[in-house]
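In each ligand, atom 1 is the first atom listed, and ligand 1 is the first ligand listed. All values derive from a computational prediction rather than experimental measurement.
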Amino acid sequence: MNDLSATNAESQAQSTIDGFQLVIDALKLNDIDTIYGLPGIPITDLTRRAQASGLRMLSFRHEQNAGYAASIAGFLTQKPGICLTVSAPGFLNGLNALAHATVNCFPMILISGSSEREVVDLQQGDYEEMDQLAVSKPVAKAAFRVLHAEDIGVGIARAIRAALSGRPGGVYLDLPAKLFAQSIDAAAGKNSLIKVVDPAPKQIPAPDAVKRALDLLKGAKKPLIILGKGAAYAQADADIRALVEKTGIPYLPMSMAKGLLPDTHELCASAARSYVLPEADVVMLIGARLNWLLSHGKGKTWGGKSSKAWGGQKFIQIDISPQEADSNVRIDAPLVGDIGSCVAALLAEMGKTAGGGWTKPSTEWLGAIFELKSKNVEKMTETLAKNPSPMNFHSALNVVRDVVKANPDAMFVNEGANALDFTRSIVDLYKPRKRIDVGTWGIMGVGMGYCVAAAVVSKQQVIAIEGDSAFGFSGMEVETICRYNLPVCIVIMNNNGVYKGTDVNPTGGSDVAPTVFVKDARYDKLMEAFGGVGVHATTPAELRKAMEDAVRSKKPTLINAVIDETAGTESGRITSLNPAAAKKK
Ligand SMILES: Cc1ncc(C[n+]2csc(CCOP(=O)(O)OP(=O)(O)O)c2C)c(N)n1
Ligand SMILES: [Mg+2]
């Protein structure tokens, strides 16, 4: 090559831009700063170049965990969490999290490399051949494929808009291998990128719908508010608190809405849940769906005479999706719009008349709730104060409850069955969007992915309470936690198995029962293998010291909390959904 042709080649290189760079530039243009993924063909160079371009590229040990991290990052930030995977198997590993994002209404984009279209479509047996776009569609809110470099800007813009607008969800973006190496004129490439303007436009509720909702609420004798994780997602914390406090209506937080108002708030009715649900006459749902987690709004939980009978409540439902109302029972006052706008509109309407034209609920209603709450809290305090040996869920969670109270800014991750249900009811949260857990599906495996994202997004201490089974689904990511030196304290409620460790193989054979694990396993050693701190805790005092040390040092820590293996119940609190157990009753 002579000097002249070298200069020509250089200037040509300078004036073109390839697919890799266009993807990176399009993400950065839209204020995306982190990618959760796992490298391999055809996206290895994308991960390298993303890092070189200043994006934070977090590599995981399994795509499912990267996907869960991306999904919860979306929930916490109102920006789509990005998960990046290789083709077919990597894509499928990420797909579970994409479905999870869609079901939970978290904004997320799964970006997967894919194999050569011509070969895939003729099913000629390409490396990792799969029609990923088609496979993704049933579980994605939207799915797109980009074939030409000049369309990357549009593809990413559409993915962002689809993930964030209206009811958020999981979006799949298919990027075939060939796309990355395509080069186009640099100026045209830059010009093809789109910075998405107002990706989640406000949806203002109709004034007559606001009035209808308030009229119904005003006529209530025993009103109740239920806050869902949609209310937490909305980041309308001050207005939601004002609505509860101005109306004086008791409220129930769903799991991930805990802390939206402090769980210790006088209007929090969690400790009287089984009383308020059947007794309430008007229920206002804020970002909560009447799915299985609320017994579909009917049946005995709601005071219905039989398992499917309506309890007689009237419902107001605030939801961004116009299709949500009437999904399970009649909604008398649907209020469609984004939660921030709807709650603001209710407050504004209430403020129009002096004193809001609003009378607080009767002292009978509030008094009955308060009395029951006090009784249940007192009972719980007694249970928590016990110090049995071996340690049980209660005596261990008493410690966790204190540590969380002393560290209200810490992010709180939770999964398991008993390890989930006991924790949810015992450990109070004090601030919004601190508790992240198994969500709508009650899924195991979110734990370590959530820990990574929670630490990265919030820059706060993370505390994870994990069943020993639940932890196993993502346990290898302790290496990831150590590698990035994240302030994560994992407490494993180790009861030797799924629900408990006491099942026996009825045949007397050498295989243990399907719910039982290796007895007295030392999960703490797993953390030590990667340079983190491992602690074996058999008493509440040991657990307390280990958690306090973890929070103080901010070092990656795993505490193996030895729990009485007889302490749990089958399926935790949802035994009734278990066909075998239900039959036994
Ligand atoms: C992906 C997935 N697989 C399986 C299940 C079924 N499941 C529900 S809870 C659970 C584990 C419960 O055991 P553990 O985490 O040890 O909690 P424990 O009740 O023992 O405290 C399993 C396997 C699930 N919810 N999700
Ligand atoms: Mg267990």
K.L.:
When you measure from atom 15 (O) of ligand 1 to every protein heavy atom, which one gives the shortest distance, and what is it?
P.N.:
Ala470 N, 2.9 Å
K.L.:
Does Gly442 reach ligand 1 with a nitrogen or oxygen that is under 3.5 Å from one of the ligand's nitrogen or oxygen atoms?
P.N.:
yes
K.L.:
Write out the residue and atom name of the closest protein heavy atom to atom 5 (C) of ligand 1, then the distance separating them to 0.1 Å.
P.N.:
Met444 CG, 4.0 Å
K.L.:
Taking Asn104 for its side chain and Phe106 for its backbone only, find out whether a donor-acceptor pair lies under 3.5 Å.
P.N.:
no
K.L.:
How is the N/O/S atom of Asp468 that comes nearest to the Mg ion (ligand 2) named?
P.N.:
OD1
K.L.:
Would you call Phe393 a ligand 1 contact, heavy-atom distance under 4.0 Å?
P.N.:
yes
K.L.:
Can you tell me if Glu542 and Thr538 form a side-chain donor-acceptor pair at under 3.5 Å?
P.N.:
yes
K.L.:
For the 3.5 Å polar cut-off, considering only N or O atoms, please tell me whether Ala419 and ligand 1 meet it.
P.N.:
yes
K.L.:
May I ask you to check whether Glu324 and Ser321 show a side-chain donor-acceptor distance below 3.5 Å?
P.N.:
no
K.L.:
Any side-chain donor-acceptor pair under 3.5 Å between Arg424 and Asn414?
P.N.:
no
K.L.:
In terms of atom number and element, which parts of ligand 1 are under 4.0 angstrom from non-hydrogen atoms of Asn495?
P.N.:
18 (P), 20 (O), 21 (O)
K.L.:
So, Thr85 and Ser112: side-chain donor and acceptor under 3.5 Å apart, yes or no?
P.N.:
yes
K.L.:
Quick test of your reading of the model: are Asp549 and Arg552 salt-bridged, counting only N-O distances below 4.0 Å?
P.N.:
yes
K.L.:
Any side-chain donor-acceptor pair under 3.5 Å between Ser270 and Arg273?
P.N.:
no
K.L.:
Quick check: Ala417 and ligand 1, any N/O pair under 3.5 Å apart?
P.N.:
yes
K.L.:
Do any nitrogen or oxygen atoms of Gly497 lie less than 3.5 angstrom from nitrogen or oxygen atoms of ligand 1?
P.N.:
yes
K.L.:
Could you walk me through whether Lys405 and Asp402 satisfy the salt bridge (charged side-chain N to carboxylate O under 4.0 Å, His left out) test, starting with their C-alpha distance in whole Å, then the side-chain angles of each, then the deciding distance to 0.1 Å, before giving a yes or no?
P.N.:
CA-CA 5 Å; Lys405 189 174 183 186; Asp402 288 349; over 6 Å; no
K.L.:
So, does Phe422 sit close enough to ligand 1 that a heavy atom of it is under 4.0 Å from the ligand?
P.N.:
no
K.L.:
If you have a sec, work out which protein heavy atom is nearest atom 4 (C) of ligand 1 and how many Å separate them, to one decimal?
P.N.:
Phe473 CZ, 4.1 Å
K.L.:
Give the residue and atom name of whichever protein heavy atom lies nearest to atom 23 (C) of ligand 1, and the separation in Å to one decimal.
P.N.:
Ser469 OG, 3.8 Å
K.L.:
When you check the side-chain N and O atoms of Tyr172 and Gln132, is any donor under 3.5 Å from an acceptor?
P.N.:
yes
K.L.:
Quick one: nearest non-hydrogen protein atom to atom 16 (O) of ligand 1, plus distance?
P.N.:
Asp468 OD1, 2.6 Å
K.L.:
Answer with side chain, backbone, both or neither: which part of Trp441 has a heavy atom less than 4.0 angstrom from an atom of ligand 1?
P.N.:
neither
K.L.:
The Mg ion (ligand 2) to Gly497: any N/O/S contact under 2.8 Å?
P.N.:
yes
K.L.:
If we count only N and O atoms by modelled type, under 3.5 Å, do the side chains of Lys229 and Thr440 hold a donor and an acceptor together?
P.N.:
yes
K.L.:
Can a donor-acceptor pair be found between the side chains of Asn560 and Asn494 at a distance below 3.5 Å?
P.N.:
yes
K.L.:
Strictly under 2.8 Å, is the Mg ion (ligand 2) approached by any N, O or S atom of Asn418?
P.N.:
no
K.L.:
Give yes or no for whether the N/O distance cutoff of 3.5 Å, strictly under, is met between Glu415 and ligand 1.
P.N.:
no
